[in-house]
Amino acid sequence: MVKIKIDGVEYEVDEKKNLIDATKEVGVEIPYFCYHPALSIVGMCRMCLIEIEGVPRLQAACNTPVKEGMGIITKSDRVKEARAGTMEFLLANHPLDCPVCDKAGECRLQDNAFGSGTGHSRFEFEKRNIPQEEIGTNLIINHNRCIVCYRCVRFEEEKVGESNLGLFERGNHSIIGLAKSEPIDHNYQGALADICPVGALLNNKTLFKSRVWWYKSHKSVCHGCSTGCNVTTNVRDNKMYRYMVRENFEQGMFFLCDKGRFDLDWMNQNRLLSYLENGKNSTSQVVVSKIIDRMKEAKSIVVLGGAHESNESLEALKNNLQTLSRELGGKTIQWESRVTDAQNKETEQVDFLLTKDYHPNTKGAIDLGLTTPQGISGIVSAVKQGTIDLVILLKESIPDGIDPNKVICFDTNLTDAAKNASLAAPIQIFCESEGSFTNKNGLKQNFEKSMNPIQGLFTSAGVVELILNTMAKKMEASVGNR
C-alpha cells in the first residue's frame, strides 16, 4: 500500500493495481472506455485523462502506475474540458438510437455522456451509416455505434487465442470487422458482446428480449461447469433471462463462456411438474407410496448424481438418507456423485474457462464424502449382477447398462431419464433457493435465491423428507388399527 493525493485528499491505495482500479477502491471514479482490468492497456479512448502534479501534459490514468507520494487531479477544468472533447468526438457519428439499443441502461457511453459530456452537439453534418453485419453464429456488429475501443480485438487475441477481428481503414472510416472469411464460432461470443462498452456488439439470442431495468438481479454462480464463474442473474416474471458477468478481482474472474451464459432455457421450459409412474402423470401420494414399497423390497440401494445440487441441499439430503436408512432397518444406501469420466479425473480444460466436468459442485459432493470405492463402473456392474436392485438418480441420465425399471428419478425437467424411469419425482432447480457451490479449486462460493420455486415442488432433500413423513404416518395408522 502507498499514499497518494487525489484531488487534494490523501488516500492509501494498492500500488499493484492500475490507477483506475486503485482510485475506484477509495470511491473516486475515473471514466474510461478501452481499459479492462484483465486485458492489455492500449490507451486508445483518451477518456481517462487526468492531471499529475509536476507533469505539464494530461496523462491517461489507465497506463499510469501508482507511486508513493504522487498527486493526481481528476476534476479540474482542464480535465473536464479534455473529457468533454473526447465525448464530443465519440458522439459525432454515434447514432441517437438508445430507445432501440439493447445496451441502454448499462451503457458506458450513456454514463460518460451524462457525467462528462456537454449536453449538446455541434456536429451538423450527416452521420456515417454503415450496414449492420452478422459476424458470428450468435454475434452482430453495429458499426455505427462502435467507438473503436479495441476491447473485442484484444480479448480474442489475449484470452480466446484467435484473431477473427481487426481494425480496418483510417480516421473517420475506421471500423472493426472480420479479418477472416468465416464467421466467429468460438465459445466466447457472449463475452465479446459483454465487454463492448457501447452496444456495437450484440447477441442474437438476447436481442430485443427485455429492457435491463425490468430485471430483478441477484448474485449467483454459473452452473455450466466446475470453474464456478461469478454471475449476476437477470430474472423477469420469474423466468431466467440472462447471466451477466460479476467481476471478482480477488479470484481473477472477469469473463463467462457461452456454454454457461446461454444454457438457461431449461430453467423456464419443459419443467417436470408432476410425479410420474412409467412416464405417465400420477400423484405424489401414489408415487411416494410406491417408492417406499420399492425401498423396503430392495436388497441394496444406491444414489447416483448430486453434483448439480448445492452444498446445503446435499448435506440435508445426506442427513435425510441416513435417517431413511435407519427407518428401513439399517439398510445400506450407497452414494456415488461422480457419474462421468471427467468427474473422476484431475480438472481438464476445454478452453481458458470451460472444463470438461459440466457439473458445478463435483468438489463439494466429494468433500461431503458422497463417493464409493468402486466408482460408477462398479455400481453399474453391481446393478447388472443384481446385488444392487434400486437406483435413485439425481438429475442425471440413466447410465448405459442399468435397467430403467430399477430406477427412481429425481429431476427438474421432463428428461428421457424421468420418462423412462419406473418412478419420477419433480424437484426444484438450484437457483430457487440460496446455497453454495464448491468449484474445481475448492473455493466455496455462495449464490442468492434468484427465482421463486413453483408451488408444490420440493428440493431433493424435501422429497426424501416427504417419504419419511409418509412412512411415519403409515406407521401411526398401522399402530392405531391394532
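With Glu309 contributing its side chain and Ser460 its backbone, the two residues share no donor-acceptor pair below 3.5 Å. Under a 3.5 Å cut-off, the side chain of Lys103 and the backbone N or O of Leu109 do not form any donor-acceptor pair. In this structure, the side chain of Asp14 does not engage the main chain of Ala22 through any donor-acceptor pair within 3.5 Å. At distances below 3.5 Å, not a single donor-acceptor pair connects side-chain atoms of Thr227 with backbone N or O atoms of Cys229. With hydrogens and angles ignored, the 3.5 Å screen pairs no side-chain donor or acceptor of Asn270 with any backbone N or O of Asn413. The closest donor-acceptor contact from the side chain of Asn203 to the backbone of Thr206 lies at 3.5 Å or more, if one exists at all.
Less than 6.0 angstrom separates the ring centroid of Tyr241 from the ring centroid of Tyr215. Aromatic ring centroids of His94 and Phe123 lie 6.0 Å or more apart.
Under a cut-off of 6.0 angstrom, the local environment of CD in Glu106 is crowded, with over 12 non-hydrogen atoms contributed by other residues, nucleotides or ligands. Environment of NZ in Lys216: sparse, with no more than 12 heavy atoms of neighbouring residues, nucleotides or ligands closer than 6.0 Å. Atom NZ of Lys444 sits in a sparse spot, with 12 or fewer heavy atoms from other residues, nucleotides or ligands closer than 6.0 Å. For CZ of Phe249, the number of neighbouring non-hydrogen atoms (other residues, nucleotides, ligands) closer than 6.0 Å is greater than 12. Counting heavy-atom neighbours within 6.0 Å of Lys239 NZ, excluding the residue itself, gives a total of 12 or less. Atom NZ of Lys440 has more than 12 heavy atoms from other residues, nucleotides or ligands within 6.0 Å. Counting heavy atoms of neighbouring residues, nucleotides and ligands inside a 6.0 Å radius, atom CD of Glu315 does not exceed 12 of them.
For the salt bridge (Lys or Arg N to Asp or Glu O under 4.0 Å) with Glu51, the qualifying choice from Lys80, Arg83, Arg78 is Arg78, the only one to do so.
Tyr32 and Tyr35 have perpendicular rings, their planes meeting at more than 60° on a 0 to 90° scale where under 30° would count as parallel. Between Phe352 and Phe255, the two ring planes are perpendicular [angle over 60°; tilted spans 30° to 60°].
In this structure, CG on Leu423 lies 9.0 Å from CG on Leu276, to the nearest 0.5 angstrom. Thr232 contributes atom OG1, which lies 9.0 Å from atom CD of Glu448 (distance to the nearest 0.5 angstrom).
For the pair Lys159 and Phe254, the cation does not sit on the ring face, since its NZ or CZ is not both under 6.0 Å from the ring centre and inside 45° of the axis.
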Would you check, one step at a time, whether the test salt bridge (charged side-chain N to carboxylate O under 4.0 Å, His left out) holds for Arg271 with Glu432?
CA-CA 13 Å; Arg271 291 291 301 272; Glu432 289 174 337; 3.2 Å; yes
Under the criterion salt bridge (charged side-chain N to carboxylate O under 4.0 Å, His left out), I'd like the reasoning laid out for Asp341 against Lys356: C-alpha separation, chi angles, the key distance, then a yes or no.
CA-CA 9 Å; Asp341 290 338; Lys356 291 185 178 180; over 6 Å; no
